Each structure stands twice: as structure tokens, then as C-alpha cells.
Amino acid sequence: MVEINFNTLEQKWQKKWEVAKIFEVNENSKKPKYYTLEMFPYPSASGLHIGHSFNYVLGDILARFKIMQGFNVLHPMGYDALGLPAENAAIKVGSHPEDYTNKSIINFMKQQKALGLTYDWSRVINTADSSYYKWDQWIFLKMLEKGLAYQKESSVNWCPKCNSVLANEQVQEGKCWRHEDTSVEIKHLKQWFLKISNYADELYEGINKLDNWPEKTKAMQKNWIGKSHGTEIDFEINGKKWPVFTTRPDTIFGVTFVVVSAQHSKLFELVTKEQKKEVETFLKKLKSVSEKELETLEKEGVFTGSYAINPINGEKVPVYAGNFVVADYGSGMVMAVPAHDQRDFEFAKKYKIKIKHVIEGKMDDGRAYVGPGKLINSLEFNGLDNQKAKEEITNFLIKKKIGRKKVNFKLRDWGISRQRYWGTPIPIIHCSKCGAVPVPEKDLPVKLPKEVKFGKGNPLETNEKWLNVKCPGCGGKARREAETMDTFVNSSWYFLRYCDSKNDSIIFDKKKVAYWCPVDSYIGGAEHACMHLIYSRFYVKFLRDLGLLKFDEPCLRLFHQGMINDEKGEKMSKSKGNVIEPIETIKKYGIDTTRFFLISVASPDKGFNWSDEGIQGSLRFIRKVSESLEKTKLGKDSPELEFKLNLTIKNLTNYYDNFEYRKASIELRELFELIFEQKEISKKSLENSLKLLSPICPHITEELWSKLGNKDFLSMSSWPAFDEIKLKVKKQEVDLNEKYINLVKEIILRVESKGVKVTKTYLYVVPFEVTKINKLKVSKEIGKELEIFSVKDEKKYDPENKSKKAIPGMPGVYLE
RNA sequence: GCGAGUGUGCCGGAGUGGUCAAACGGGGUAGACUCAAAAUCUACUGGCUUAUGCCUGCGAAGGUUCGAACCCUUUCACUCGCACCA
């Protein structure tokens, strides 16, 4: 047998596509646009792994399908090159991050090109290039102008391994998202923040409009943004008003104490002289608690010495400092109702504080009653249903001007300061006279200096020449901001830049972005649900408000690809040595086989366990297809093939549109299996079959296409249409009489076996079947008297309304 | 605890009311080819000593229906995400 040299064949076609520039696109097309995007990679020296390829192949199949469907398809690629891992990896191998990254990118590109992807390489982006991050800085300055970028002293999450600050989203179970063995420390630092909270409500409500996003991702984002409606109530403490947020104003008569967060910035305004020592001891103890213990921490607190006055009934209740109250949510202070809140209950038990019931309901096995009920012990509100009471009490408080309705969000502002080198420099100059002065727009970009020393602390602090500059305000001595931006800043808007990636005078041409965006289909890992995918929604809303965009959401459809594990089902990792490199697989089996295998073993969203044996099956199929021309003569189609081809066109059109590639691969196998059985097949049908396979296996189909005498590219040809009539004809070929006889016989048998005597049978069929049924024949065969009605027949005898069950090819049956 | 989702044959997985012992693939068994192996091809691959027949069967238990893997109720198991947000 002649072994096909897939590698040569594949390279040949890749070269031809490249020379013809068929995947390079522009806005001057009469076709409708389609923007499909895969999340860009973080280039590392180890190169592309099979999970990357899976991601790209999923997107590529869609892109190829859409091209053939007649869309003007934008399918770009770039590199999320800035960030800590690259810096750390570079230090480890004794290289400079810039050199390390550039090398990695070249390697990545080479491997991506080998996959035969439809990228428009003329638009490639590298976020580590100052021509890109210049616009990060520009956006930052715009945010500063609008008051959305600001500096504040705050407690921040600090990872000792990264030697830097982390955003809230980057802290997972008290650990760094990059170092699962490293506990995050809390440090107090002056930091730059982006006011994402300004958009909290729009980010939350906008989720409802994201119809083509996975439910799970939407739920995660909602949970993360955490919108809750409640009431803010003023409690008076030592003559001053302290607001408290609650979602349960109906329980206000049950308040027996108030808890202020131990981290509250104004805590000591509440602490009396007598209690000062005790509170300080408590705070010290809290600091010594490690992050691990925090997860199972018992609710603890200490009396501050102060009392709060419950505004609704004037009751005096003690104020505690507690470890379980979140300082920067609401006002950092809560009213405690131990009878109807589990946390308050535990706290009250521990410190022997009074528990007062204000809602009817039993407290089971020593737990607070949190269910619904009627109010008690609540003066004029007694007897009210507690849901109703929420409104009435809030209205009462509003009238008295001691409370108001309030919406609170869990979403915090985004801390973007990083004390590391390999990130976008924050375009700020600190002057002793003028304070923090923005770098003038004309001086952008602030480039990263190459000369720095790595090792201790922030490398940017080691280049004095770069650091020392004149103040743009007064011209005096000043110093650059030595912090860089979080890497997620770079990825928050890169999909916009693709539309005009070479523009060096403005961030992008509004018209070009208006043409291509929003992204029609976005593919990437689910791990970005609460980081990248919230940040980019925020950026889009901000840029829209600047007047640069006319849409609200970055992408209309989102798809998360599954994980590819090793044969044992374990996650691939370098340390385990179980990483499958696509380059190796491609060399061995060819690209088309690899692509076919990747999508045929599992649903794209579920992933699968890699198997070297499994790929043999795909190889067998690809070989057979590539030999199909020799095996099958060109001629006429059999009716069977005609039908199957039509059906396959119809189904695959749907499958490709909905990431159901696995099903597509199955039907393609069936179709080609049938083709191999044929003595002859029409050229047109064979060509159409090749078209159907082309998105998954573009190389061999292109080869066969040209062997059939075509001079153009199959990749650019038009998607085949199917003939609905031919599908219907096939259905009608089935002999209804035979079918109905068997069916009714079976039912009668079943019913009679239960002891019921059947004398007469009624069939209800869809109208066009009425004439097709031979009443005499059927009646004779089943041995019963028979009546046949059309379901549309108004006068039909149908005591149990069985006619509603009838569908084409399936009657409703009533027995007497 | 809250949220999202999943449970089908040896395995991966189709199938959402009748044509289902259940697509397609992987694996396995037997046979053909071959000196032999690989590749390729053919048959079988829930049980019943073999039948266009019966039984069992789609996590478990009930229910609706002439009929359920598919609809309803309850339940169990697993996976993932969030977790003191008042």
C-alpha cells in the first residue's frame, strides 16, 4: 500500500493559501461580516500544547464554515505577552523577559501555522510591544480624566511568591491563583484602582442580555458581582449616625447587638477607653491567624464599649467588633438579629447576648429561624407577613428619614498595581510639588526600559535613569511611577485592536471597529468567567461612554472548550511529563487526522482523555477518504446516496453552526462509508461531500478538490445547499400500511393480554395520510373492525381525544 | 450551605414519547489475506445453546401513557464554580 505523505501535501496547501492571502480580510466587502475569535495565548517557551490546538481548531472549523457560507470572516490571532509568568520564567533561565517572550512567540506562531489555521496574520498583536501597550496607557489616562482611575491606600492581597499584589479575582481560597501552595498575605499599600464598581449595575443587568453565553458563566458572573437589594438604616452611636445595610429590615425589632468589622477604618472611633486594650489584643490575635485557619474560623468578637440606638424603638444595644463582618461591603457594619440569622445566632450564643424573636417560626435544633412568617414583638407591625413588613418598615424608616432603600454589590474596584517589571508601565509621574501627574498624551508610550536588575523587589526601581524625569507640570525633579499594570488590562480590549492593529495615531478607527465588532463568536477556557470576561465587558462599556464604540457587550456568543487530559484522565502538566505536543502528533499522523481526531472523540465543551490508540481510527478514515477518488468511479448517484447527502448537508449546516462538531464527524463517517460502497458517484456529489468535510480536514479535501479538476480553492468555495424535497420523498417511500398494521397489531396484543377485549379500532392520522391507507387491508390484517379519521375531521368519533397524538407516520389509536 | 451541570453497553459517547438491544467510534473475539507480524477486509461483541422469538436493560424508586432512555415526582451519586456580602 502506498503511504500518503500527509506532511508534504499539507505544507503544499498551506503555502498556496498563504501566497494567495485568502484569509486576509478588509472592511470593503459586500458580504456580511463574521468575527470569530479564540482567546489569545500567553506565550511560553514550552510552546503549544494539545489544549491550545483544541481551542484553535474549534475556532478554525467555525471560521472555515462561515467563509464557505459566504461571510467576510475576521479570524485574528495575537499574544498576551506581558505578565508575571514570563518574567519569572525568564529570570529562571537567566534571560531577559523581552527576549524570552519574543522567542516564545516565534515558536508559537510556527506551531500554529502548522495547524493550517485561517488566521489573518497581517493583524497579529503582541501586547508586549509598546505600539500596543501605548493604548493601555492611553485608556488609563482617559479613565483618570473621568475619575475612574484613582489611587488609594488599601489593604491588598499580596502574594509573596509573585512578589506582587493580586486582584480579588486572582485570590482563590486564600491562595494565589498561580501558586496554589502560597497563602495570600494582606498588606497595606497605596495602589492604583480602576472604578469597575461604577459599572456594577450595568455589568449585572447586562448579563440577562447575553443569550448565547453559557448559563454557568452567567451565573458565576452574577454571583461575583453580587447585586442585592436592601435597606440602609442609621443607628446612632455616641451621638453620631452610623449606617447599616440589611436585606432583612423586617427583623429590625429583633436587633440585640451591632457588629462592626474588625478591619473597619473608623473602628477606634467606637472603642471606649476602658475597652481599648481588649480590642487591640483581639486585633493582634486576628493578624496571627493564617489564611488556612480563616476558612474554618469561628465567629469571634470583642465589645467596643459603645452602644447603638435602634432607631425604630430606641433600644440600646451593644456594639461589637467582629471578625466575620466584611469591611468593604455595605458600610462594614451590620445589625445583628440572632433569632433570624445563623451567623448572628452563633455569635450571640458565644457571648451570651439576648435573642429576641420577631418572626413566628420554630428554631430547629438550635439554629436561627430564617424562614417566612408573621411578625411578633414588633409593635404596630405585629401580624404582618414578613415580606410585606420589609416594605412597610422601610417606608416607615424613609418617612422618618432614618433609612433608605439601597442596592449593594459584592464587586470591588479593580486593583491594577503590580510591583513587577513585565507589564504596562502606569503613565504617571510623581512630583513633590504637583503630586501624581499624568504623562501627557504626546509622550506616550512610556516604554519599559530594558536595563533593569532582577532579584530584589521591583526591577523598575533599579533603573535610575528611567525613573528620574522632569515633572510635566512644573518642570521640577520628579520620579516615574514604577508600578506596572495587571496583565488583564492588556487582554481587556485586544479584540478591538485586531480591527485596526497597525494604527499608530489612534487606538483604532471607529469605523473599522463598528464594522467588525462585536465579536460574533468567542472561544476560550471557562476559567476566565470572572476575570477576563468581566474586565472586557467593563472596558467595552467605558470605551462606549468615551464615544468610541456603539455597542454594549464585547461578544455575542461565548463558548468554553473542554479540557484535554492524558490517557489516565489526569491534567497535562510539564511536571508530570504527560504533555502531548501537537507538533509530534502532526508529524506522525498529519494535521487533518489530528484535527479530525480532536473533534471526533468528544463534544467540544466536554474535552476528553487523549488516547494514542484512538487516533488510529481517525487516521484510517482520513486514508480512506484520500483514496476515495481511486476507488469510486464518477458517474451517476444512487437514490440512497442522494438522500444521505442531502440529509448530511442539512444536519451538518446546523452542527457546524452550533459547535456540534463531534456529531458532524459521525455523519461524515457515515456519508463517506456509503460513498465507498457506491459503484459510481456524480462529480457534483463528491465535490459536495468534500465541502462538508473541508472545515475539519481542509488539506486533503483541497487536494482532492484540485484532483477533480478544480482550479480555485475549495476553502473559498460556497457551502452546498440541500434539497428539502428529496428528504421528504424518502420519508413517503415507507409503506404506511405495513407500518400501521404492525403497530396496531402490537398495541392490540398488549391491551388484550391485560384481559381487555378489543372489538373495534379507530385510527387518527394526519390529513395527507388518509388516502394512503388501505382500510380493508389493514382491517383484515389486524382482524378487527376499523375506522380511519383525519385529525382535522370535525365529525370524527374520538372520545379520548387520541387524535392529538397523531404525527406524520404515526397515528393516534383508540380501541373499543 | 448556595449556584450550574452530569448520570446510557467493556470504554468514549449519540439518542429527548413508537421504526431502540440502542447510532458512530475505541477496545475485544473469531475469520480472510500473509511464511509471520503490522496494515486492510468480513462477522460477532446484554442474556437465552440461537430465534426476522422471548427476557433483561439507559443511576434508583414511583407515576402519566396502549407504549418511556426520552414526560412528571421523589431519591441517590458524581463533577465544577462561589463561599461568613448581613
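In this text, all values refer to a predicted model and were calculated from it rather than measured experimentally. Residue numbers begin at 1 in each chain, while the letters A, B, ... track the order of the sequences.
Separating the P atom of B:G13 from that of B:C48 is a span of 29 Å, rounded to the nearest Å. Here, B:G53 and B:A39 have their C1' atoms 40 Å apart, quoted to the whole Å. To the nearest whole angstrom, the two P atoms, one in B:U65 and one in B:G15, are 28 Å apart. B:A68 and B:A21: their C1' atoms are spaced 15 Å apart (whole Å). Across the P atoms, B:C33 and B:A38 are found 15 Å apart, a figure rounded to whole Å. Between the C1' atoms of B:U16 and B:C20, the separation comes to 13 Å (whole Å).
Atoms OH (A:Y589) and P (B:G26) sit 14 Å apart, rounded to a whole Å. Atom-to-atom, CD1 of A:I252 to C1' of B:A86 comes out at 13 Å; the value is rounded to the nearest Å. Atom CZ of A:F596 is separated from atom P of B:G12 by 20 Å (rounded to the nearest Å). Following rounding to the nearest Å, A:N323 (CG) and B:A86 (P) show an atom-to-atom distance of 18 Å. In this entry the distance linking CD of A:E627 with C1' of B:C41 reads 13 Å, nearest Å. Rounded to whole Å, the distance from CD on A:E677 to C1' on B:U42 is 13 Å. Summarising the geometry, the separation between CG on A:L533 and C1' on B:G81 is reported as 14 Å, rounded to the nearest angstrom. One interatomic measurement links the two molecules: CD of A:E660 to C1' of B:C24, which rounds to 15 Å at whole-angstrom precision.
In this structure, a donor-acceptor pair under 3.5 Å is present between the side chains of A:T394 and A:T231. Side chains of A:E667 and A:Y655: a donor on one and an acceptor on the other come within 3.5 Å. Side-chain N/O atoms of A:S228 and A:N408 include no donor and acceptor closer than 3.5 Å.
At the heavy-atom level, A:G617 lies under 4.0 Å from the strands shown only through sugar-phosphate atoms. When heavy atoms are screened at a 4.0 angstrom cut-off, A:D341 is found touching no nucleic acid atom at all. Among the atoms of the strands shown, none is found under 4.0 Å from any heavy atom of A:V244. Using a 4.0 Å heavy-atom cutoff across all strands shown, A:V601 reaches sugar-phosphate atoms only and no base atom. Nucleic acid contact for A:S665: none, since no nucleic acid atom lies under 4.0 Å from a heavy atom of the residue.
Ranking B:G25, B:C84, B:G3 by closeness to the A:K299 side chain, first place goes to B:C84. When distances are taken from the side chain of A:E215 to each of B:A83, B:A23, B:G5, the shortest belongs to B:G5. Picking from B:C82, B:G26, B:G3 the nucleotide with the shortest atom distance to the side chain of A:A219 gives B:G3. Of the listed nucleotides (B:A39, B:A4, B:C82), B:A39 has the atom at the smallest distance from the side chain of A:R623. If you check B:C41, B:G81, B:A86 against the side chain of A:R620, the one that comes closest is B:C41. The side chain of A:K624 sits closest to B:C41 out of B:C41, B:C24, B:A86. For A:K216, whose side chain is taken as the heavy atoms from C-beta onward, the closest listed nucleotide among B:C82, B:C24, B:G81 is B:G81.
Counting heavy atoms from C-beta outward, A:Y814 and A:Y797 have side chains that approach closer than 4.5 Å.
The shortest distance between the side-chain N/O atoms of A:K663 and the OP1/OP2 oxygens of B:G15 is below 4.0 Å. A:R662 has no side-chain polar atom (N or O) that falls below the 4.0 Å cut-off from OP1 or OP2 of B:G25. Side-chain N/O atoms of A:Y329 include one lying less than 4.0 angstrom from OP1 or OP2 on B:A86.
Between A:F621 and A:F596, the gap from one ring centroid to the other is short of 6.0 Å.
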Can A:E205 and A:K227 be said to form a salt bridge (Lys or Arg N to Asp or Glu O under 4.0 Å), step by step? CA-CA 9 Å; A:E205 296 301 330; A:K227 184 180 185 178; 2.5 Å; yes
Run the numbers on A:F324 and A:F347 for ring-ring contact (aromatic ring centres under 6.0 Å, His included), then give the verdict. CA-CA 10 Å; A:F324 66 98; A:F347 194 86; 5.4 Å; yes
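At distances below 3.5 Å, not a single donor-acceptor pair connects side-chain atoms of A:N386 with backbone N or O atoms of A:A389. Panel note: side chain A:H340, backbone A:F345; no donor-acceptor pair is recorded below 3.5 Å.
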In dot-bracket, 5' to 3', how would RNA chain B read with Watson-Crick or G-U wobble pairs under 3.5 Å, [ ] for crossing ones and | for pairs to another strand? ((((((((.[[[..)..(.....]]]((((((.......))))))(((....)))...[[[[[..)....]]]]])))))))....
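Comparing A:S618 and A:E670 by the nucleotide of RNA chain B that holds the closest heavy atom to each, the one mapping nearer the 5' end is A:E670.
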